[in-house]
Amino acid sequence: MQTSAKMAPPTYMGLSGRPLSLAITTVATTGFLLFGYDQGVMSGIITAPAFNNVFEATRDNSTMQGFVTAIYEIGCLFGAMFILGVGDLLGRRKAILLGGFIMLLGVIIQITAMSGATPLAQLIVGRVVMGVGNGINTSTIPTYQAECSKTSNRGLLICIEGSTIAFGTLIAYWIDYGASYGPDDLVWRFPIAFQIVFAVIIIVLMCFLPESPRWLLSHQRQAEADKVIAAIRGYELEGPETVLERSGIVDSLRASEGYGQKSTPIKALFTGGKTQHFRRMLLGSSSQLFQQIGGCNAIIYFFPLLFVQSIGVSHQLSLLLGGFNMIVYSIAATFSWYAIERVGRRRLFLYGTFGQMISMIIVFACLIPGSTQTAKGAGVGLFTYMASFGATWLPLPWLYPAEVNPIKTRGKANAVSTCTNWLFNFLVVMVTPIMITEISWGTYVIFAAINACFIPIIWFFYPETARRSLEEIDIIFAKGFVENISYVKAAEQLPHLEPHEVEEYALRYGLIDELAENGASNRHARDEEEKARASDSERAQDSTSETVVNEHGTEAGFGDGVKTSNRADRG
């Protein structure tokens, strides 16, 4: 019998399958590369004479230096709040495009500031505008990446995104150092202008890349979603794999009451019960809070300033040392790629916190005597801090909220986490120069104490999520609630489940019962809709549908081997 030739999958940019997935990953990593670059770029120019000559108010003024640097975070906060409000309506692709254009505008505003024409006000406006764009992108890109990735590599890809921040900061430090030898305008205009390269890459690629299939289906745009699924996975447009993967995503959306619900209501974040939406949002947001108040940006933004004021080296040498520190930072960041599944999230959080605490103790202990010789030891502490942070706390707070929050609230909860990041980022960056000027080594005592406070909170409240499907994480919280035990203990007691066991445990802890109470009519409507639409060839696949759903439903990133029409509020 002669079989029909297999049709080629649809393409975007002429790409499909793995090459298209790599293009999506390129946008995601470039967005976080730009994020890291802007974190580091001001550190090398905020005290440069050429910069101070144009922006006179920043000369030897720690308050103004902190304000000019930190105001960027306020813009980022506004951008994250914008996504919290309208991100689900706007869509992932349009949001990233908008963020890229806004960042491009912000760069242009900054580099066109001229002496004698209120340059400081223009610089501040430019940094706020660019911050808005970055807040939009950092709130959207992890979600976009997750919704276009396979479950098997979603955690690693988001971890790589977070780690890319270190490489962006590394590039910024060395460009600052190289530009410091040029003419006055080059010293500060070029490092800021270089961000245009990253913004243009994001804008150009996103003009041709697809929208997230989950977002399309949540807005009931099925034909477009089928095209995206087929293109990303390399399937035939009307092939059974495409139909089954789309059905898996629709089932997941219906189970979370998200099919046709274009935006999750804010009040859903504050519910408890078996799904523990509020607790899970707090866990994700607290990881971003701890990342910021642990002192990371006090060092990333002001490393040269710390060396000049606390250790007493020259501005030029401080830039050089900062560049080497960022090399250490970037190398350490790659460690998380290999440790994230082998060591686990919980232990990496604890190891990183302990390393940061010890590093801050080294810094203030070496600064107390007040001599130049002992102060050099503080530089060692700054290096070990960045190594500890890069390997653990840099990527983990971008991954943990995406894992720990369920499908129904993931978009909104991630936006809340990002808002938390930028709010406390602003606070730390604003007060650090003042603290260094007023209390010197006491700054590092405070950061050491803060890191010490993280340890019991992580130990008692952060359940392990490594090597767990998203459904298993839902069951961890249901188990803790039903059995009235800690969620850390629930995670330790729950065995690693096979796909067929997940449904059994979901029944045991009442997750499926919740769906039966809330969504039975939706399931019936969906069944009738699918029956009416199914062709003879699709019916022929019924005998193997469970196997295919286990494979391709997992690839969709919204199910991990369970027929989601039988589960509640998970994924």
Side-chain angles (χ1 to χ4, degrees), residues 9-32 79 82-102 133 136-151 154 157-158 161 201-235 237-238 241-243 245-254 256 258-264 402 407 410-412 414-415 552-553 555-559 571:
T11 62
Y12 291 86
M13 297 174 57
L15 304 174
S16 64
R18 181 176 174 80
L20 180 57
S21 296
L22 288 174
I24 291 171
T25 301
T26 299
V27 166
T29 53
T30 302
F32 273 75
F82 173 79
I83 292 300
L84 177 62
V86 303
D88 287 340
L89 298 173
L90 188 63
R92 319 310 187 207
R93 180 174 170 273
K94 288 181 180 177
I96 296 171
L97 270 171
L98 178 63
F101 276 114
I102 292 175
I136 290 172
N137 281 350
T138 53
S139 298
T140 307
I141 286 174
T143 304
Y144 178 66
Q145 176 77 81
E147 292 179 350
C148 293
S149 302
K150 298 179 182 179
T151 297
R154 182 195 303 139
L157 289 175
I158 296 176
E161 281 174 21
I201 291 173
I202 294 169
I203 292 168
V204 171
L205 288 179
M206 282 311 303
C207 284
F208 301 100
L209 289 175
E211 178 57 84
S212 153
R214 181 189 182 276
W215 183 86
L216 289 170
L217 286 170
S218 70
H219 287 65
Q220 298 178 313
R221 291 160 62 173
Q222 181 179 304
E224 294 172 73
D226 283 355
K227 182 180 178 183
V228 174
I229 292 169
I232 293 175
R233 304 287 179 249
Y235 299 154
L237 179 57
E238 298 180 357
E241 300 98 334
T242 302
V243 173
E245 184 162 329
R246 178 242 297 154
S247 297
I249 297 173
V250 170
D251 278 347
S252 180
L253 288 167
R254 290 187 185 279
S256 64
Y259 187 65
Q261 184 179 45
K262 296 183 178 181
S263 182
T264 300
I407 190 171
R410 185 172 296 130
K412 285 284 193 295
N414 281 350
H552 299 298
E555 289 190 354
F558 308 102

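If you take CD1 on I102 and CG on N137, they are separated by 8.5 Å, rounding to the nearest 0.5 Å. For the atom pair CD of Q145 and CZ of F32, the computed distance is 10.0 Å after rounding to the nearest 0.5 Å. Taking CE of M13 as the reference point, atom CD1 of I24 lies at 10.0 Å (rounded to 0.5 Å).
In terms of heavy-atom proximity, L97 sits nearest to I203 at CD2-O, 3.5 Å. Smallest separation of non-hydrogen atoms from V228 and P210: CG2-CB, 3.7 Å.
Legend: residues meeting side-chain hydrogen bond (donor to acceptor under 3.5 Å, both in side chains) with T138, ordered by chain and number and at least two apart, are W422. When the side-chain contact (heavy atoms from CB on, under 4.5 Å) test is applied to P9, the partners found at least two apart in sequence or on another chain are S16.
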What do the steps show when you test L209 against L20 for side chain to side chain contact (heavy atoms under 4.5 Å, CB included), and what is the final call?
CA-CA 8 Å; L209 289 175; L20 180 57; 3.7 Å; yes
Go through the steps to decide whether W215 and T143 satisfy the test side chain to side chain contact (heavy atoms under 4.5 Å, CB included), and finish with yes or no.
CA-CA 10 Å; W215 183 86; T143 304; over 6 Å; no
Go through the steps for L98 and F82 under the test side chain to side chain contact (heavy atoms under 4.5 Å, CB included), then give the verdict.
CA-CA 11 Å; L98 178 63; F82 173 79; 3.9 Å; yes
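Within a 6.0 Å radius of CZ in F101, other residues, nucleotides and ligands contribute 12 heavy atoms or fewer.
Between R233 and E241, no side-chain nitrogen of the basic residue sits less than 4.0 Å from a carboxylate oxygen of the acidic one, so the salt-bridge criterion is not met.
Distance alone, capped at 3.5 Å, places no donor-acceptor pair between the E147 side chain and the P213 backbone. Although no hydrogens or angles enter the test, the distance criterion places no donor-acceptor pair under 3.5 Å between the side chain of R18 and the main chain of I232.
Screening K227, Q222, R221 for a side chain to side chain donor-acceptor pair (under 3.5 Å) with E224, the sole residue that qualifies is R221.
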